[in-house]
> 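One structure follows; several queries about it will come next.
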Amino acid sequence: MATLPNPLPRLASLGLALPPGRLIDTTDEGPWHEPLLWLADDLAAPGTWDALRHAPRALGLLPVTIEAGGSQGAPESWDLMPGEMSYPGDHDAEEVLADLWEASAAEGEVWPGPAEEPEAAEDDDPDTVAAEIADSLLAGGPLKDPRLALVPARRSADIPTAIGWTGPMNHEGDTARISAVLRSWEDRYGIRVVALGFDHLLVSVAAPPTTLSDAQALAAEHFAFCPDTIWQGSDTTLAEYAERRLLGQSAWHFWWD
């Protein structure tokens with residue numbers, strides 16, 4: 001993946017008020033040539049995301065919450081594969097979604113196309129919404145052993161690719177294609193990648209769909225992006241998923257089996 005210079009090797013000299021933590025360079029094939037992320041040693045608490053998000057962005061670092069206590073443990077055990085990832089900007093999100101739809105939809109179900117661009121509105125600041133969602137996760141949310149991490153990335157959508165995350169491997173082997181879709185949602189819906197586990201991803205949403213028709217159009221994108229979210233969820237149809245999980249919702253959660 002093409003990236004800007006990684007500031008993590010000189011993290012100690014950047015003057016950030018970080019809690020105790022460690023740099024992680026572990027991949028499925030041994031140590032990477034540079035750190036992939038910084039991970040805090042202790043549990044993250046509400047407010048820690050917001051306290052760090054301003055200064056690191058100027059340095060080319062973005063925050064994300066890592067689930068370090070899931071079934072696969074911390075990122076050192078996640079089989080990270082940064083060398084297998086391409087660059088998100090080399091992929092067209094609509095083409096990626098069409099390909100993924102064709103791979104997962106029932107025979108004869110035609111890709112309906114992407115949701116239309118939402119009308120411009122006075123939406124909440126995406127980074128403020130991300131901090132609020134992060135705080136809600138850290139105040140007794142579903143994540144097991146959540147830790148604050150910093151990742152060298154310019155766009156939040158690129159965080160999974162930057163660390164070589166392989167959570168969607170059974171659905172899409174090149175996480176850069178996943179990030180290409182996240183970039184599109186970043187532009188259209190103001191999403192931010194807030195949390196990563198071994199095989200699941202949570203994003204905040206500053207401008208969620210406000211009408212059922214818009215939510216239903218977006219639901220087709222979500223199915224292509226992560227069919228397990230619908231197949232293994234409590235909603236039996238895309239229409240139900242759209243109404244319950246997308247309409248006016250400020251967080252989207254995806255997991256790949």
Side-chain angles (χ1 to χ4, degrees), residues 85-121 123-124 126 129-130 133 155-161 165 167-196 199-257:
M85 307 306 167
S86 59
Y87 178 61
D90 290 340
H91 304 283
D92 179 80
E94 184 174 346
E95 292 179 1
V96 171
L97 288 168
D99 289 345
L100 294 177
W101 173 277
E102 185 175 352
S104 301
E107 185 175 354
E109 287 187 327
V110 179
W111 164 238
E116 294 184 4
E117 185 84 16
E119 293 185 8
D123 300 314
D124 293 328
V129 175
I133 295 298
R155 296 187 61 157
S156 180
D158 294 352
I159 286 174
T161 305
W165 184 62
M169 181 64 72
N170 291 336
H171 181 55
E172 172 54 61
D174 183 359
T175 304
R177 284 162 52 88
I178 295 295
S179 284
V181 177
L182 292 173
R183 282 185 172 200
S184 176
W185 291 345
E186 196 174 72
D187 293 338
R188 290 183 287 156
Y189 301 102
I191 69 105
R192 295 290 187 267
V193 174
V194 170
L196 281 175
D199 57 2
H200 64 97
L201 162 72
L202 185 140
V203 305
S204 60
V205 190
T210 57
T211 68
L212 187 56
S213 61
D214 287 343
Q216 289 174 341
L218 177 59
E221 294 190 30
H222 278 222
F223 174 76
F225 181 78
C226 181
D228 287 330
T229 301
I230 287 85
W231 287 340
Q232 300 189 31
S234 60
D235 305 302
T236 58
T237 67
L238 287 182
E240 290 177 346
Y241 176 82
E243 184 173 4
R244 297 176 184 175
R245 309 297 178 188
L246 300 183
L247 187 62
Q249 296 298 308
S250 58
W252 301 337
H253 186 210
F254 306 95
W255 67 94
W256 292 264
D257 192 2

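Start at 1 with the first residue, then count along the sequence.
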> Taking all non-hydrogen atoms of both residues into account, name the closest pair between Leu97 and Ala224 and its distance.
O-CB, 3.5 Å
> Write down the atom of Asp158, the atom of Ser179, and the distance for their closest heavy-atom approach.
CA-OG, 3.8 Å
> More than 12 foreign heavy atoms under 6.0 Å from CD of Gln249: is that the case here?
yes
> In the structure I gave you, are the side-chain heavy atoms of His222 and Leu246 within less than 4.5 Å of one another anywhere?
yes
> Would you call Arg183-Asp92 a salt bridge at under 4.0 Å N-O?
no
> Which heavy atom of His91 sits nearest to which heavy atom of Ser86, and what is that distance?
NE2-OG, 2.7 Å
> To the nearest 0.5 Å, what is the distance between CG on Asp187 and OH on Tyr189?
11.5 Å
> Hey, is the main chain of Ala93 close enough, under 3.5 Å, to the side chain of Ser184 for a donor-acceptor pair?
no
> Glu186 side chain to Ala157 main-chain N or O, any donor-acceptor pair under 3.5 Å?
yes
> Kindly give the heavy-atom pair with the smallest separation between Ala242 and Ala219, and that separation in Å.
CB-CB, 4.0 Å
> Looking at every non-hydrogen atom in both residues, tell me the closest pair between Ile159 and Leu196 and how far apart they are.
CG2-CD1, 4.2 Å
> Assess whether a salt bridge exists between Arg177 and Glu95, defined as any Lys/Arg side-chain N lying under 4.0 Å from an Asp/Glu carboxylate O.
no
> Step by step, work out the side-chain contact (heavy atoms from CB on, under 4.5 Å) result for Val205 and Val129.
CA-CA 7 Å; Val205 190; Val129 175; over 6 Å; no
> Under the criterion side-chain contact (heavy atoms from CB on, under 4.5 Å), I'd like the reasoning laid out for Val96 against Asp99: C-alpha separation, chi angles, the key distance, then a yes or no.
CA-CA 5 Å; Val96 171; Asp99 289 345; 5.8 Å; no
> Atom CH2 in Trp111, atom CD in Glu94: separation rounded to 0.5 Å?
7.0 Å
> Can you check side-chain contact (heavy atoms from CB on, under 4.5 Å) on Leu202 and Ile133, steps first, answer last?
CA-CA 10 Å; Leu202 185 140; Ile133 295 298; 3.7 Å; yes
> Working to the nearest 0.5 angstrom, can you tell me the gap between Ile230 CD1 and Glu240 CD?
11.5 Å
> Roughly how far, to the nearest 0.5 Å, is the CD1 atom of Ile178 from the CH2 atom of Trp165?
7.5 Å
> Nearest 0.5 Å, what's the OG-CH2 distance between Ser156 and Trp185?
13.0 Å
> Measuring from Leu182:CG to Trp252:CH2, what's the distance to the nearest 0.5 Å?
9.5 Å
> Determine yes or no for a side-chain-to-main-chain donor-acceptor pair under 3.5 angstrom, with Glu221 supplying the side chain and Ala115 the backbone.
yes
> Grab the two heavy atoms, one from Val203 and one from Val193, that are nearest each other, plus how far apart they are.
CG1-CA, 4.1 Å
> Can you name the one residue among Trp256, Trp255, Phe254, Phe225 that meets side chain to side chain contact (heavy atoms under 4.5 Å, CB included) with Pro168?
Trp256
> Mind running side-chain contact (heavy atoms from CB on, under 4.5 Å) on Leu212 and Glu243 for me, showing each step along the way?
CA-CA 6 Å; Leu212 187 56; Glu243 184 173 4; 3.9 Å; yes
> Can you tell if the side chain of Gln216 reaches within under 4.5 Å of the side chain of Leu238, non-hydrogen atoms only?
no
> Keeping the roles fixed (side chain from Glu172, backbone from Asp174), state whether a donor-acceptor pair exists under 3.5 Å.
yes
